[in-house]
Every structure is written in C-alpha cells, then in structure tokens.
Protein chains: 2
Amino acid sequence: MLGSPWCRGRFRDAGFRLTLPRQAILNVFIRNPKHLSAEEVFLLLHKDYPGIGLATVYRTLDLLTQMGLIFKFDFGDGRSRYELADETIKAHHHHLICTRCGRIIDYSDFAEKEKKFIKELETELSKKYKFKISSHQVHFYGLCEECQ
Amino acid sequence: MLGSPWCRGRFRDAGFRLTLPRQAILNVFIRNPKHLSAEEVFLLLHKDYPGIGLATVYRTLDLLTQMGLIFKFDFGDGRSRYELADETIKAHHHHLICTRCGRIIDYSDFAEKEKKFIKELETELSKKYKFKISSHQVHFYGLCEECQ
DNA sequence: CTGCATGCAAACCCTTTGCATTGGG
DNA sequence: CCCAATGCAAAGGGTTTGCATGCAG
C-alpha cells in the first residue's frame, strides 16, 4: 500500500506531499489494525521516528481522515480514535465498548444482515430528511466479560 | 414530572438531595427537548438562575446520567450532549449529524423495524462476546439539506 | 528554489477538582 | 445541626495554532 504508486498518486492528486511522517503514520495503522488514539500513534511512532511531533500526528490524522484513508471515531471517553479505512471497515464492522474498562471489541459478524438493514435505513432517511449520508457508526455500550 | 413524588423519591432512594439547581437543570431539559451541551444548559439556566455555576451543571449532568434520567451522547464535535431519557428515547430515536454545520436531526421513524433489528443483534452479540449490553447509539453522518 | 509541512511550545477548549461556604433533610 | 451540594477559581487533558525552520516537488 505504502510504496505503491497508488498511495503516492492519492496524495499528489489531492495536492498534498507524501512526506516521511505521513508515510510513517500510515504504516503505524497498517501494522496495528486497532482503534488508535493520537497519543498511541505518537508513542508507537516514537520508537522508530523520535523526531516526529505530536502536532504533526494530529495534523496528519486529520489529513488522512479527510482523504478517506482512515476513519475517525469517538467512543465518548474524551479522546478520538482512528482506524485504517480498509475492507474491514467497508464490511461494516462495528463496536462494543466496555463502559468500565474502556475495552473496545470489534465485530463484523452479522455483516450481511446488518449491511442490508443499514442500507435500507439510509435510503429511507436520505429521502425523508433530504440528508446526504456519507457514513455511520453503531456503538453498543455495556460491560465486557471480565468487568461484569 | 418535577414536583411529583416520583421525582423526589427517585432522588431520595438513590441517596441524593433534590436541590434547587438539580430541579432547575431537569426543568431545562423538560422545556428544551433537544441535545443540549453543558454550556447550553448553563446559558439557558442563567436567565432564571444566574447563581448556578458551570461546575454544578457538569456535576448534575453526570448525576442525572448515572440516575438514568438523561442520556449522554457524543457526536464527535468535542463536547458532550445530553437529552431527557423519556419515551422519545425509549422509542429508539437516533440521529443524523451534519458534518458541515453540526445540525442534529432526530428520527424515530422506522422505530419498529429498527427496534426489532437491534434487539436481535444485541442478543446475538451478547451471546457471542459475553458482553452485557446496556445501551446503544446509531449515528449517521453526512450533509443536511442546506449544506449540500 | 518555493512554499507546503514540520517541530516546538504556547494557546485553547471542554471538563474536572480543591476548598471554603451554603442549605437540604 | 450535619454533611452533601454548591460556587468559584484553578488545574487537567486532549487538541489546535503561531512561527521559525526544513524538505518535497
């Protein structure tokens, strides 16, 4: 994904430069398919690239989100989390959030059923509220196995 | 709702005092059935009760959330929003959020279909992930009619 | 070369907390 | 009366911004 002309082209076409920090940050997501906070990205990055600052991480996360390469989530714990926008996401994977320990569980089961349902709902909502829907989030809150 | 023995009892049973600020804040939600941020509650309150401080608003919002009288939402704009936990919510009303102007549209259409779907999904998820689900949020992001 | 991107630190914004004071039960 | 609840101001934590410097194109 990274060295590929696709990635470079994606940046060039959008009028952005493919810099080292941007490549490195994208790499963090490729190697860590998780819901990373800005600080987590910064720390993971710091091992190999101690020179990259937190501000750059925030600016890059914002850029990548705008470019659609990553998705931004807010689980209500006061910090944003980001995730690579790959097939996993496209397959409508959603989240279970433990309100006690903060653990986040992905699930992509029931994807077909869910996809169909969401699709229908989006169509109806778009029509009724003249709303152009571009994305959605489904969060279930509760207690994970250990916290019960 | 407010003067009712029900409300007072609800506080007493939980070991809390039904103070003037708490009544006033609950009243704000009753009169403004919207997704209010802490600051909005504070400002609405300020007209009639200029003495009530922002910290008390935050503390009370937290208390009411724990008591289940209001719900807390996070739409990703960096501030929490709160809403009265009345029948409207119980009827599974969800949200469309405009990513440009921040407008939030409630919808409670398709409630039956949705309720059934969510219920099924919750059951399956609970079983598979041993997760005790207590609430859920469904957010659709996009552009409202005016912002398109 | 030219100007976008970066690093650093300060600024910002929302939220929480410490502490003396108030008022509900 | 007593202790939970309040108000105020200060602190906290995540995110953004200003500005001089660096590097991609």
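Naming convention: chains lettered A, B, ... in sequence-line order (proteins, then strands); numbering from 1 in each chain.
Atom-to-atom, CD of A:Gln66 to P of C:dA5 comes out at 11 Å; the value is rounded to the nearest Å. The CZ-C1' distance, from A:Arg12 to C:dC4, rounds to 16 Å in whole Å. Separating the CG atom of B:Leu18 from the C1' atom of D:dA4 is a distance of 13 Å, rounded to the nearest angstrom. Taking atom CG on A:Leu61 and atom P on D:dG14, their separation rounds to 15 Å, with Å as the unit. Rounded to whole Å, the distance from CG on B:Leu63 to P on C:dT16 is 13 Å. Protein atom CZ of A:Phe42 is 9 Å distant from nucleotide atom P of C:dG7, rounded to whole Å. Taking atom CD of B:Glu39 as the reference point, atom P of C:dC13 lies 10 Å away to the nearest angstrom. What separates CZ of A:Arg81 from C1' of D:dT15 is a distance of 15 Å, to the nearest Å.
Each of B:Phe16 and B:Ala38 was matched to the nucleotide of DNA chain C holding its nearest heavy atom; the match closer to the 5' end belongs to B:Ala38. Nearer to the 5' terminus of DNA chain C, by closest-nucleotide assignment, is the contact made by B:Asp62 (compared with the other of B:Asp62 and B:Thr19).
As judged by a 4.0 angstrom heavy-atom cut-off over every strand, A:Ser80 is placed among residues touching the sugar-phosphate backbone only. Base contact: A:Arg17 has a heavy atom under 4.0 Å from a base atom.
Between the base of C:dG7 and the side chain of A:Arg59 there is a donor-acceptor pair shorter than 3.5 Å.
If you run ring pair (Phe, Tyr, Trp, His ring centres under 6.0 Å) between A:His95 and each of A:Tyr107, A:Tyr141, A:Phe75, A:Phe140, only A:Phe75 comes through.
Salt-bridge annotation for A:Glu112 and A:Lys116: absent, with no side-chain N of the basic residue lying under 4.0 Å from a carboxylate O of the acidic one. Look at B:Glu40 and B:Arg81 and you find a salt bridge, because one of the NZ, NE, NH1 or NH2 atoms lies within 4.0 Å of a carboxylate O, short of that distance.
Residues B:Phe131 and B:Leu125 fail the side-chain proximity criterion, which asks for heavy atoms closer than 4.5 Å. For the pair A:Ile104 and A:Asp106, the minimum side-chain heavy-atom distance is below 4.5 Å.
The nucleotide whose nearest atom lies closest to any side-chain atom of A:Pro21 is, among C:dA5, C:dC19, C:dT6, C:dT6. Here the side chain of A:Arg22 is nearest to one of C:dT6, D:dT6, C:dT15, namely C:dT6.
The stretch residues 45-56 of chain B touches DNA chain D through B:Gly51, B:Ile52, B:Gly53, B:Ala55, B:Thr56, each having a heavy atom under 4.0 angstrom from the strand.
Listed here is the closest heavy atom pair of A:Cys101 and A:Cys98: N-SG, 3.5 Å.
The CG atom of B:Leu143 sits 11.5 Å away from atom CG of B:Leu96, with the distance rounded to the nearest 0.5 Å.
The phosphate of C:dT15 (OP1 or OP2) has a side-chain N or O of B:Tyr58 nearer than 4.0 angstrom.
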